[in-house]
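Just so we're on the same page: letters track the sequence lines, and every chain starts at 1.
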Amino acid sequence: MPELPEVEIVRRGLERYVVGRTIASVRVLHPRAVRRHLAGPADFEAVTGGLTVTAARRRGKYLWLPVTPASRPGGTDQDDAILAHLGMSGQLLLADPGRPLTAHVRIVFAFTDGGPELRFTDQRTFGHLAYQPGGAVLPPLIAHIAPDPLEPAFDEPMVISRLLTRRVAVKTALLDQSLVSGIGNIYADEALWRARVHWAQPAARLSRSRAAGIFGAVRDVLRDALAAGGTSFDSLYVNVNGESGYFGRSLAAYGRAGQPCPRCGAPVVRDRFSNRSAYTCPRCQRRPRIRTTGADLRSHST
DNA sequence: CTCATGCCCTGCTGGC
DNA sequence: TGCCAGCAGGGCATGA
């Protein structure tokens, strides 16, 4: 559920409320939450205790906190980092230390100032944290994650060139985090709706200008969602203070099967798309005559 | 390298 | 009322 805008909202909360503070102790309450920290939960607790958080960074849907020994404030590019991915239902919530733990709290960070704890809460446990030595600039675990459309390193002409070699559906390519990061099911559908391109359009059959239109729409929808505080369907996605965003009411296609397209009024259609869903306006987004291979060939309207 | 598939996980919903 | 199937879905391992 959390995609780039939602993760960025969380990052800003961490920047405001956690950066500059020193971790006193860490408790891992569920080992799965640190499954990618190969040395295990006890090691995660041991290595993170006593460190000062110097920044809050993000690429795509990943975020990380560069840390430095409390004795050496400031931080350098060689510092380590605590990497986080929220998965489907992960939250990083501030809570006063006296407050009882809510359901699904997986990791608790307490700070030396005695102020609010940081609690990694995750119902479905698809999210995870890991300690990344030398990961301050770019954690090794995410070296394969491509720049996202809102960062300076995003090279649109290069990404379009790569996109145009893919024979999969354009939506499949947009969801490939090694091509472009930060886009999930919601914003892929919303961007394609804005660009008037059908999800099943083979990427390689797009014109370069059409592809540029898609990335323009991607940037627009990500920025709009960010300005609205992100998309929340329920209490699963919230910022560090537990507050919901309100972009959900601005969605044009995603989750709106049977409801009128805001542009032309035709009922939005839901298709099966590799064990997920794809929402399109059947009038604004014409289905390609030639379909792509594999799962896309077998997809069908419901 | 590209592409497809299955798995991880819990809570909610709808059908019977 | 209870049970179960289906759905939500990001990322990674695996195999072709």
Side-chain angles (χ1 to χ4, degrees), chain A residues 1-8 10 29-38 58-64 83-91 102-107 120-130 132 139-146 148 158-159 161-190 199-205 222 230-238 248 251 253-258 270-279 291-300 302:
Chain A
M1 204 77 68
E3 303 180 27
L4 188 154
E6 294 76 35
V7 177
E8 173 61 16
V10 173
L29 306 180
H30 194 308
R32 191 173 146 76
V34 291
R35 64 190 177 282
R36 298 193 75 192
H37 183 80
L38 300 182
R58 182 189 59 73
R59 166 165 281 186
K61 304 171 198 172
Y62 281 91
L63 33 91
W64 66 96
L83 177 68
H85 192 290
L86 302 178
M88 291 294 303
S89 55
Q91 306 169 329
T102 53
H104 315 306
V105 176
R106 311 303 189 191
I107 303 174
F120 177 62
T121 303
D122 190 9
Q123 177 191 96
R124 296 177 205 171
T125 71
F126 274 29
H128 59 88
L129 272 63
Q132 293 278 275
L141 273 177
I142 63 166
H144 64 293
I145 300 294
D148 65 61
M158 186 273 285
V159 173
S161 295
R162 289 185 62 198
L163 177 77
L164 296 180
T165 69
R166 301 289 180 95
R167 295 193 290 190
V168 293
V170 62
K171 179 168 175 179
T172 301
L174 289 179
L175 294 176
D176 181 350
Q177 305 295 301
S178 68
L179 178 66
V180 52
S181 69
I183 305 169
N185 211 31
I186 297 171
Y187 296 113
D189 279 359
E190 291 301 304
W199 64 268
Q201 173 72 39
R205 296 180 62 86
L222 293 178
T231 299
S232 309
F233 296 110
D234 46 35
S235 58
L236 276 188
Y237 163 66
V238 291
L251 296 175
Y254 184 84
R256 298 189 69 250
R270 171 181 179 267
D271 292 327
R272 290 204 170 284
F273 162 77
S274 35
N275 287 327
R276 290 182 175 81
S277 298
Y279 296 89
R291 300 199 196 169
T292 48
T293 56
D296 300 338
L297 255 183
R298 289 189 293 279
S299 69
H300 52 275
T302 51

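The R166(A) side chain lies nearest to dT2(B) when the options are dC9(B), dC12(C), dT2(B). When distances are taken from the side chain of Y62(A) to each of dA8(C), dG11(C), dC8(B), the shortest belongs to dG11(C). The nucleotide whose nearest atom lies closest to any side-chain atom of Q177(A) is, among dC12(C), dG11(C), dC9(B), dG11(C). Side chain of R32(A), nearest nucleotide from dC3(B), dA8(C), dC8(B): dC8(B). Side-chain atoms of V168(A) lie closest to dA4(B) of the nucleotides dC9(B), dA4(B), dG11(C).
A donor-acceptor pair under 3.5 Å links the side-chain atoms of R106(A) to the main chain of Q123(A), judged by distance alone. A donor-acceptor pair is defined here as one N or O able to donate and one able to accept, closer than 3.5 Å; no such pair exists between the side chain of S277(A) and the backbone of R270(A).
Classified by interplanar angle (parallel below 30°, tilted 30° to 60°, perpendicular above 60°), the ring pair H85(A)/Y62(A) is perpendicular.
Phosphate contact (OP1/OP2 of dC7(C), side-chain N/O of R272(A), threshold under 4.0 Å): present. Taking side-chain N and O atoms only, R35(A) has no distance below 4.0 Å to OP1 or OP2 of dC12(C). Within the structure, every side-chain polar atom (N or O) of S89(A) is placed at least 4.0 Å from both OP1 and OP2 of dT10(B). The phosphate of dT10(B) has neither OP1 nor OP2 within less than 4.0 Å of any side-chain N or O from Q123(A). The phosphate of dC12(C) has OP1 or OP2 within less than 4.0 Å of a side-chain N or O from H144(A). The side chain of Y187(A) places no N or O atom within less than 4.0 Å of a non-bridging phosphate oxygen (OP1 or OP2) of dG10(C). Contact between the side-chain N/O atoms of H104(A) and the OP1/OP2 oxygens of dG11(B) is found at a separation under 4.0 Å.
L83(A) has its CG atom 10 Å from the P atom of dC12(C), to the nearest Å. Straight-line distance from the CG atom of L174(A) to the C1' atom of dG11(C): 17 Å, rounded to whole Å. Summarising the geometry, the separation between CG on L141(A) and C1' on dG10(C) is reported as 15 Å, rounded to the nearest angstrom. Counting to the nearest Å, the P atom of dG11(B) and the CE atom of M88(A) are 14 Å from each other. For L164(A) and dT2(B), the CG to P distance is 13 Å, given to the nearest whole Å. The distance between atom CG of L4(A) and atom P of dG11(C), rounded to the nearest whole Å, is 11 Å. Here dA13(C) presents its P atom at 10 Å from CG of L38(A), a figure rounded to the nearest Å.
Residues forming a salt bridge (charged side-chain N to carboxylate O under 4.0 Å, His left out) with R256(A) (at least two apart in sequence, or on another chain): none. Considering only residues two or more places apart in sequence or on other chains, K171(A) meets the salt bridge (charged side-chain N to carboxylate O under 4.0 Å, His left out) condition with D189(A).
Residue R162(A) is the one, among R162(A) and R276(A), whose nearest nucleotide of DNA chain B lies closer to the 5' end (criterion: closest heavy atom).
Annotation: side chain of H37(A) is not in contact with side chain of L129(A) (no heavy-atom distance under 4.5 Å). Contact of the H128(A) side chain with the F120(A) side chain is not registered, since no non-hydrogen atoms from C-beta on lie closer than 4.5 Å.
Defining each end axis of the helix from dT2(B)-dA16(C) to dC16(B)-dG2(C) as the rotation carrying four pairs' C1' atoms onto the next four, with five pairs an end, the two axes are found to diverge by 40° to 10 degrees.
At a threshold of 4.0 Å, the pair D148(A)-R58(A) counts as salt-bridged, since one of the basic side-chain nitrogens sits closer than that to a carboxylate oxygen.
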